[in-house]
*Asks:* 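Sending over a structure as structure tokens; questions will come in a sec.
Predicted, not measured: the structure shown is a model, and the values here were computed from it. Scope of the values below: all heavy atoms of this structure, side chains included, with no hydrogens, waters or symmetry mates. The chains referred to below are lettered A, B, ... by the order of the sequence lines, with proteins before strands, and numbering in each begins at 1.
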Number of protein chains: 2
Amino acid sequence: MSFPLTAESTQQLLDAALEQAKNGVRGVNPLVGAVIADAQGDILATGFHRGAGTPHAEADALHNLAQLLGKALTAGQDQTIDPATLTMFVTLEPCNHFGRTGPCSHAIVDAGIGRVVYAVADATDHAAGGASYLKEHGVKVMDGEQLNPEWARASRELNARWFQAQNQQRPFTTLHLAQTLDSNIAASDGTSQWITGAESREHSHVIRSRADAIIVGTGTIVADNPQLTARDSAGELYPKQPVRVAMGLREIPADARIRDHGEFMHLPTRDPAEVLEALTQKGISHAMIEGGSSIATAFLAADLVDEIWLYQAPKLLGSGISALKDLGISTLSEALEFELDDVDGPAVRQLGTDVLLHLTPRNEK
Amino acid sequence: MSFPLTAESTQQLLDAALEQAKNGVRGVNPLVGAVIADAQGDILATGFHRGAGTPHAEADALHNLAQLLGKALTAGQDQTIDPATLTMFVTLEPCNHFGRTGPCSHAIVDAGIGRVVYAVADATDHAAGGASYLKEHGVKVMDGEQLNPEWARASRELNARWFQAQNQQRPFTTLHLAQTLDSNIAASDGTSQWITGAESREHSHVIRSRADAIIVGTGTIVADNPQLTARDSAGELYPKQPVRVAMGLREIPADARIRDHGEFMHLPTRDPAEVLEALTQKGISHAMIEGGSSIATAFLAADLVDEIWLYQAPKLLGSGISALKDLGISTLSEALEFELDDVDGPAVRQLGTDVLLHLTPRNEK
């Protein structure tokens with residue numbers, strides 16, 4: 001198989017695969033992007049993973065290629081394009097795992113794709129082995145680490161916190177913060193409805209609807225009596241509702257609204273690690289941390305926040321109820337540092353009259 | 001003079017003038033934009049006011065038109081385009097004032113422009129009378145209020161705080177805030193260098209260089225001993241340095257660095273209105289409020305902040321020195337409300353690793 005690409009065109013293909021990955025959403029699964037190119041380096045199809053239960057990036061790209069060709073792509077059959085001349089660039093080693101979707105390694109072999117270049121080896125117990133399967137079935141496989149270490153590094157960093165959560169055998173966590181510009185989540189008299197606007201609340205419900213569980217402090221339940229359902233802009237419940245998880249030592253009133261829809265559990269602990277362990281045992285892979293400030297602070301202080309959606313209303317209160325309490329940090333060099341995250345839309349955006357920031361913990365360099 | 005424009009094409013011209021105005025900067029003078037269109041509604045030239053001492057929007061547009069025509073535009077002379085067939089749309093009544101630049105009313109008459117449509121009457125004592133001058137010299141003048149009240153409203157709102165400052169006979173004020181995502185300007189041990197990154201600091205020096213004066217609390221001088229110069233990215237001083245104004249009751253050390261460059265004054269008061277009055281008497285038209293938190297809070301509480309540049313570093317400290325102190329607000333409905341301001345660049349932007357928000361107080365609707 002020939003591969004006459006220049007370094008420059010290869011770089012473009014690698015970048016394109018990485019950009020595809022960023023179209024996905026953080027949560028249960030890693031972010032993965034794929035492009036399929038011909039021997040001239042022209043991209044024929046792209047794909048990315050949209051989230052739990054949807055096709056993997058490779059399958060998405062193969063599907064798009066088949067659509068382009070007007071028929072299913074099958075190795076050895078008469079094609080307008082010989083799939084053996086094609087290369088798939090993918091930011092994570094294709095899985096070898098029968099889960100909610102079939103193994104990508106098999107799909108690639110079945111489609112007759114000639115070569116696969118992947119950025120990062122899949123080290124998870126259940127899905128590894130894709131590269132071996134591909135090689136055994138005659139697909140040329142190239143490790144991106146050798147082809148372009150920077151691409152491999154960027155693809156790995158994109159999922160650094162996801163890999164870390166996997167290693168720690170805990171759910172991936174998403175922190176929700178909605179505050180004024182001076183970081184208050186309520187005025188000093190406790191009024192907080194609504195700090196942010198309708199667009200922000202709508203967006204946060206989309207984020208909720210993706211999570212398997214939503215964690216809230218018992219203090220917030222007693223103070224605000226939230227429903228914690230995920231509703232669309234029309235107020236209708238999304239098909240998937242996260243398990244509602246109350247953490248903390250206060251008792252939950254029998255008529256609390258959090259008990260109204262779907263599953264509810266009360267974990268009588270203030271320790272975020274204990275909460276995540278209990279959720280892992282329940283099979284929960286993605287938890288959203290709703291608040292209030294004690295809960296947000298506890299997860300941040302324990303380095304158990306994998307991403308933050310920070311909604312900022314263009315308001316100032318001066319004094320009020322701060323979004324965070326003491327993190328045990330007394331000097332600037334110890335501050336928790338984050339990076340703007342351009343996955344799933346711009347890292348910094350205007351949302352109605354509010355501002356939305358998307359952040360991930362800064363990776364150790 | 002014919003004017004066969006449709007409502008739709010007129011709307012486009014009005015919108016274009018307003019967008020031009022937003023290219024300017026807030027400060028000494030109002031934001032003004034102008035477009036010059038032919039009888040078919042095609043825009044031949046645009047202009048905006050770049051700030052104190054630079055040509056007004058009308059002069060800028062006339063200059064650009066002359067450049068397009070390849071020669072100076074003079075009424076009655078042989079032209080490729082008869083200026084009498086042209087209409088200037090401008091968001092503020094042309095000035096009639098000999099200041100650092102000549103009066104726009106005279107320039108428009110001299111250029112032979114047939115018609116002027118302006119959005120907002122100039123009610124300032126020194127510059128009013130432009131429309132009368134134009135009419136007296138045969139220019140057809142139309143008040144935008146009649147043509148399109150929404151355009152007039154938007155043009156007026158764009159400068160709502162500028163007009164307010166003029167009415168109050170005080171300088172226009174720009175508040176600088178540089179904070180963590182949880183609104184701390186320093187850690188609890190006082191460390192604050194540097195919360196924000198180099199790009200943010202560079203931008204804030206540009207803002208400084210535009211101001212006539214920079215206001216800082218005596219507490220900040222004692223604590224941080226800042227220079228408060230405006231320097232470019234190479235560390236060189238900008239040609240124009242703001243007067244350094246210390247407000248507050250603490251004594252300024254004889255060796256304080258704030259005394260090093262150019263003019264310095266100490267106003268022994270904590271009252272922002274007194275400070276602005278003293279600056280007005282000194283002929284200062286634009287003041288930047290540098291900090292610290294007591295000073296920022298005092299100006300905000302007195303409704304004496306006309307715009308905010310809010311630099312946010314992607315860091316969390318939990319506890320620390322808050323950007324603001326008590327504003328006397330105890331309930332959410334009393335929160336100070338702002339609007340994202342897309343003048344002088346996007347209202348919300350990524351600046352290096354930081355986020356920059358540009359805000360103006362929300363106008364009463």
*Asks:* For chain A, find which of B:L324, B:D326, B:T331, B:T353 contributes the most heavy-atom pairs closer than 4.5 angstrom.
*Replies:*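 Result: the option with the highest number of such pairs is B:T331.
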*Asks:* Is it the backbone or the side chain of A:Q193 that comes under 4.5 Å from a heavy atom of chain B, or both, or neither?
*Replies:*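 Interface part for A:Q193: backbone (N, CA, C, O).
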*Asks:* If you tally heavy-atom pairs under 4.5 Å against chain B, which of A:I308, A:T297, A:L181, A:L359 wins?
*Replies:*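 Going by pairs under 4.5 Å, I would pick A:L181.
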*Asks:* At a heavy-atom separation under 4.5 Å, does A:L340 approach chain B through its side chain, its backbone, both, or neither?
*Replies:*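 Only the side chain of A:L340 comes within 4.5 Å of chain B.
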*Asks:* Please determine if A:R231 and A:E202 form a salt bridge, counting it only when a charged side-chain N lies under 4.0 Å from a carboxylate O.
*Replies:*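 Salt bridge: no.
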*Asks:* If you count every heavy atom of other residues, nucleotides or ligands that lies below 6.0 Å from A:R257 atom CZ, does the total exceed 12?
*Replies:*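 Yes, enclosed.
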*Asks:* Does a donor on one side chain sit under 3.5 Å from an acceptor on the other, for A:S330 and B:D189?
*Replies:*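 No, no side-chain donor-acceptor contact under 3.5 Å.
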*Asks:* For A:T180, is it the side chain, the backbone, both, or neither that has a heavy atom closer than 4.5 Å to a heavy atom of chain B?
*Replies:*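 A:T180 has no heavy atom closer than 4.5 Å to chain B.
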*Asks:* Against chain A, label B:S192 side chain, backbone, both or neither, depending on which of its atoms sit under 4.5 Å from a heavy atom there.
*Replies:*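 The backbone, not the side chain.
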*Asks:* Is a side-chain donor-acceptor pair under 3.5 Å present for A:Y311 with A:H203?
*Replies:*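 Result is yes, a qualifying pair exists.
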*Asks:* Taking every non-hydrogen pair under 4.5 Å, which of B:L177, B:L300, B:L327 racks up the most with chain A?
*Replies:*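 Highest number of heavy-atom pairs under 4.5 Å: B:L327.
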*Asks:* Count the heavy-atom pairs under 4.5 Å between each of B:I195, B:L316, B:T191 and chain A, then report the option with the highest count.
*Replies:*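 Sorted descending by pairs with chain A, the first entry is B:L316.
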*Asks:* State, without any angle test, whether A:T360 and A:E307 hold a side-chain donor-acceptor pair at a distance under 3.5 Å.
*Replies:*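 Judged by distance alone, the side chains do not pair up.
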*Asks:* What part of B:L317 lies closer than 4.5 angstrom to a heavy atom of chain A: side chain, backbone, both or neither?
*Replies:*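 Its backbone and side chain both get close to chain A.
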*Asks:* If we check side chain to side chain contact (heavy atoms under 4.5 Å, CB included) with B:Q312, which of these qualifies: B:L356, B:D182, B:L357, B:D354?
*Replies:*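 Single pass found, and it is B:L357.
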*Asks:* Any salt bridge linking A:D341 with A:R26? Criterion: basic side-chain nitrogen under 4.0 Å from a carboxylate oxygen.
*Replies:*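 Judged by the 4.0 Å cut-off on N to carboxylate O distance, A:D341 and A:R26 do form a salt bridge.
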*Asks:* What part of A:A335 gets closer than 4.5 Å to chain B, counting heavy atoms only: side chain, backbone, both or neither?
*Replies:*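 Both the backbone and the side chain of A:A335 come within 4.5 Å of chain B.
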*Asks:* Provide the closest heavy-atom pair for A:Q350 versus B:A347 in the form atom of the first, atom of the second, distance.
*Replies:*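 The answer is OE1-CB, 4.3 Å.
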*Asks:* So for A:L310, is it side chain, backbone, both, or neither that comes closer than 4.5 Å to the heavy atoms of chain B?
*Replies:*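 For A:L310, the side chain is the part near chain B, not the backbone.
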*Asks:* Where does A:N184 contact chain B at under 4.5 Å (heavy atoms): side chain, backbone, both or neither?
*Replies:*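 For A:N184, no heavy atom lies under 4.5 Å from chain B.
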